[in-house]
Amino acid sequence: MNVYVQNRGVSVEKEKLILIDGNSIASRAFYALPLLSNAAGLHTNAVYGFTTMLLRLIEEEKPTHFLVAFDAGKVTFRHKDYSEYKGGRSKTPPELSEQFPLLKELLPAFGIRQFELEGYEADDIIGTLTRTAQEEGKEVLVVSGDKDMLQLVSDKVTVALTRKGISEVDRYDPAEIQEKYGLTPAQIIDLKGLMGDSSDNIPGIPGVGEKTALKLLHEYGSVESVLEHADDMKGKMKEKIRDHADSARMSKEIATIFREVPMDTEWNALAYSGVQGPELAAMFRKLEFKSLLEKMDFSGADSGDAAEDADAPQAEPLVVRLISEDNIGDLLPALPDVRSIHVEAAGDNAHTAVIIGAALRTGDAGYYVPASVLTAPKAQPLRDWLADGSAEKSTWDRHRAELALAWSGITLSGVTFDVMLAAYLLDPTETSLTLSGMADKYGVPSVAPDEAVFGKGAKFRLPETEVLAAHVCRKADRIERLHAELHERLQEVEMLQLYYELELPLSGVLADMELRGIKVDKAALKQLGDELAVQIDRTMSEIYRHAGFEFNINSPKQLGEVLFEKLQLPVQKKTKTGYSTDAEVLEKLAPYHDIVKGILHYRQLAKLQSTYVEGLLKEVRPETGKVHTYYRQTIAATGRLSSQYPNLQNIPIRLEEGRKIRKVFVPSEPGWSILAADYSQIELRVLAHISGDANLKEAFTNNMDIHTKTAMDVFGVAESEVDSNMRRSAKAVNFGIVYGISDYGLSQNLSITRKEASQFIEQYFAVFQGVRQYMDDIVTEAREKGYVTTLLNRRRYLPEITASNFNLRSFAERTAMNTPIQGTAADIIKLAMVQMDERLKREGLKSRMLLQVHDELIFEVPPDELEVMRRLVPEVMEGALKLDVPLLAEVNDGFNWYETK
DNA sequence: GAGGTCACG
DNA sequence: ACGTACGTGACCTCT
């Protein structure tokens, strides 16, 4: 809040000091946030949380004075009085302690003073400064996660305590402490004296918790007074207080913040005059706080290239030439010199993105061509150049550019390097894959983030033409620079083949598939929707009848109230925010009340209606009657594709009601067929290959039913003795193996005890010893190298594999086991797609590849090619990559997607 | 924008 | 003891 005081007609900002307990806030942030880390492997989550808090405080509080205090020294004066102080506290995890140096480096960039003194804790420093500030009549805000700080509150001193994580704080003034505890700030130490504090190993009076302590204080006022009146109490309480009187006195003393730390308390020494822009930007870059870099917009208005810090490379000024219909003649002679281009288009969905303009970078200038000029008749030579496969250019996201241009009737080819794809291969877990971010990450001159130039969401605006042109040209320039840099890095990690022979060609294949789209029978889909509407209506009435009133079934909150409060059904599971009502819970509740079946049915129908009928209908292009999904090649950490607008990789199949949705996906030409081919057990075959397990390899070489074979081995029975239950268990074990098995996960999945699950796993490893060896080896390898790879050398870094936190480390270990399997399967089908595309072209077939769903490919096929495609597709898929076990692809066709089963 | 739920491999 | 299976995207509610 910004407080102004009228002072002789001039508004003068009131002085305000913020004091932060550095250790407390860093540790709250550390435990509240996932364990982020930067490319150098340094963990940064506590620093990140700290940073967001600083930014918020500066923005909202407008402090004039600022200091962060830290604990210093392992032994404080408190230990002299009480040697057990903070005993039993688990020591600071290394992932947190390594962040303190970063934090102490960050604060100067914020322009914030910091202070620590051997033998004292942060709260003593803060206590001392609040005392002197208050004596001078200054206003203070103390920020901490430690309730002890409340003793410092006064009419001048407010204490803000973090609540659930660090995103929110509760502010306390004397009135609020009175309201919440019925105590004065000074009595907070009495409270501690009585109840103790297990986290600091302060004993208090055993058996006295917050409730009792408050009751005693409300009656007697202080620890001393409580002890004096011990005789007035009865029974156990009397004994407890008498037996632990010394403990209570000492606890109170320990909890009292020392406010006479020998230090400089000069007010002016704490003055705060704002952040050090370039230093802060440099720190954010080092820490890889990309979202903050973008939000802060360090580029400023003076110069577009001002974002660099001292050590970042400077770009020489770029000559920008604005192209119009009148001067397009100037551009044409320069085309042979163009090295990189950038197509700027607005919108997340590449198929509907609106082209803003394009920049072309030659040796000595950047040319900016607005969209209106791109499509003008006079720009035909430019469009011919864009479509010229022998005119080589590099891009950022060639796939997206190709789609956006195609919908404006412009062809893009000749892309020989795509910076975005390269950056993805170098780190497929990169979550904000932006050109601006990659420029900073890989040490080429900065470029402003798009958000800083355009704004985001509803605030999206085109800046004036000169600014826009300069920005897009600068992007083209950075693409050229990153091309050289990333090519070299790909070479260093031996990914050139993966890049040039698989990912880059695939991006073109994907664009072609998506532009073709798949035809949707809209009338049939609407018909399905009408039928669903009737059923949904009926199911809703039934649910309301059981409940006795109407409510929003879609609201988990309202549904929870109905089930667990109104109907008193037994609570099975809680979520962060309340009762869990997911399908697993509802299944368990079904025997208790008839309403539950209705809800399960309603959920199923509602999902189909909203996502697969209404959602899909919205995505059908009126012009073509088709849906054009947008495959994303740089999202999944394992190398898989993902699909959006609409997602065609999660169309229902498991339940018959949903599976009917597939009937509306039809060929785009009359008389043609849909043909689908899927890999059989590709992940387990991959596992057989990379683990080299003899038993597993033999099973696939003999083309056995793998789940039955697993059941035979795990249960030690003959094939004829494997019943459906045994096969089901074996199947679950196989899934578990692929996911990086744990006994707990398997026990959940099979509803068996952990012990039984553990025995299954043990049995499995006894007969598939090569698999066990692989699982052990891959985790060790991940720990040693910091990453795992697929068969085609796709790489995924796993910094958390060495975490001291059990959960984080276990997660990383399961990922180490799973990623080579899932990722190699992704490599294989991607290879098949590139090869399939070539074969279709080479053999002049009219059949078209339409979709990929992780382990299957879907085509539309004219009648006269059905026979050849039934043979060709499995042949290409099975031959995509040679493994130690055969790959098997099964093919089916029909007149719609549903019939390909 | 986050959280819950559920669709797929 | 810790508390999860691996990888995604869309829709809905609620803050």
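A quick note: this is a predicted structure, and the numbers were derived from the prediction, not measured.
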Contacting residues from residues 806-816 of chain A, given that a heavy atom lies under 4.0 angstrom of DNA chain C: Phe806(A), Asn807(A), Phe811(A), Arg814(A), Thr815(A)

Pairwise salt bridge (Lys or Arg N to Asp or Glu O under 4.0 Å) hits with a residue in residues 733-743 of chain A, at least two apart: Asp743(A)-Arg754(A)

Of all pairs that satisfy salt bridge (Lys or Arg N to Asp or Glu O under 4.0 Å), the ones with a partner from residues 636-646 of chain A, not counting sequence neighbours: Arg640(A)-Glu683(A)

Within residues 598-612 of chain A or reaching into it, pairs that qualify as salt bridge (Lys or Arg N to Asp or Glu O under 4.0 Å) - sequence neighbours excluded: none

Could you list the donor-acceptor pairs under 3.5 angstrom formed between side-chain atoms of residues 651-662 of chain A and any protein atom two or more places apart in sequence or on another chain?
unit_1    : atom_1 : unit_2    : atom_2 : d
Glu656(A) : OE1    : Tyr898(A) : OH     : 3.4
Glu656(A) : OE2    : Lys660(A) : NZ     : 2.8
Glu656(A) : OE2    : Tyr898(A) : OH     : 2.5
Glu657(A) : OE2    : Gln604(A) : NE2    : 3.4
Arg662(A) : NE     : Pro652(A) : O      : 2.8
Arg662(A) : NH2    : Ile651(A) : O      : 2.8

Contact list for DNA chain C against residues 628-645 of chain A - heavy-atom distance below 4.0 Å: Ile635(A), Ala636(A), Ala637(A), Thr638(A), Arg640(A), Ser642(A), Ser643(A), Gln644(A), Tyr645(A)

Qualifying residues under side-chain contact (heavy atoms from CB on, under 4.5 Å), relative to Gln763(A), sequence neighbours excluded: Val714(A)

Range on DNA chain C touched by chain A - first to last nucleotide, heavy-atom distance under 4.0 Å: dC2(C) to dC14(C)

Distance-only donor-acceptor hits, side chain of residues 558-565 of chain A, under 3.5 Å, sequence neighbours excluded:
unit_1    : atom_1 : unit_2    : atom_2 : d
Gln558(A) : OE1    : Asn552(A) : N      : 2.9
Glu565(A) : OE2    : Tyr579(A) : OH     : 2.8

Consecutive Watson-Crick or G-U pairs in runs of at least 3, all under 3.5 Å, in which DNA chain C is involved: B:1-9 with C:6-14

Those residues of residues 600-617 of chain A lying under 4.0 Å from DNA chain B by at least one heavy atom: Arg603(A), Lys607(A), Tyr612(A)

Residues in ring pair (Phe, Tyr, Trp, His ring centres under 6.0 Å) contact with Phe811(A), at least two apart in sequence or another chain: none

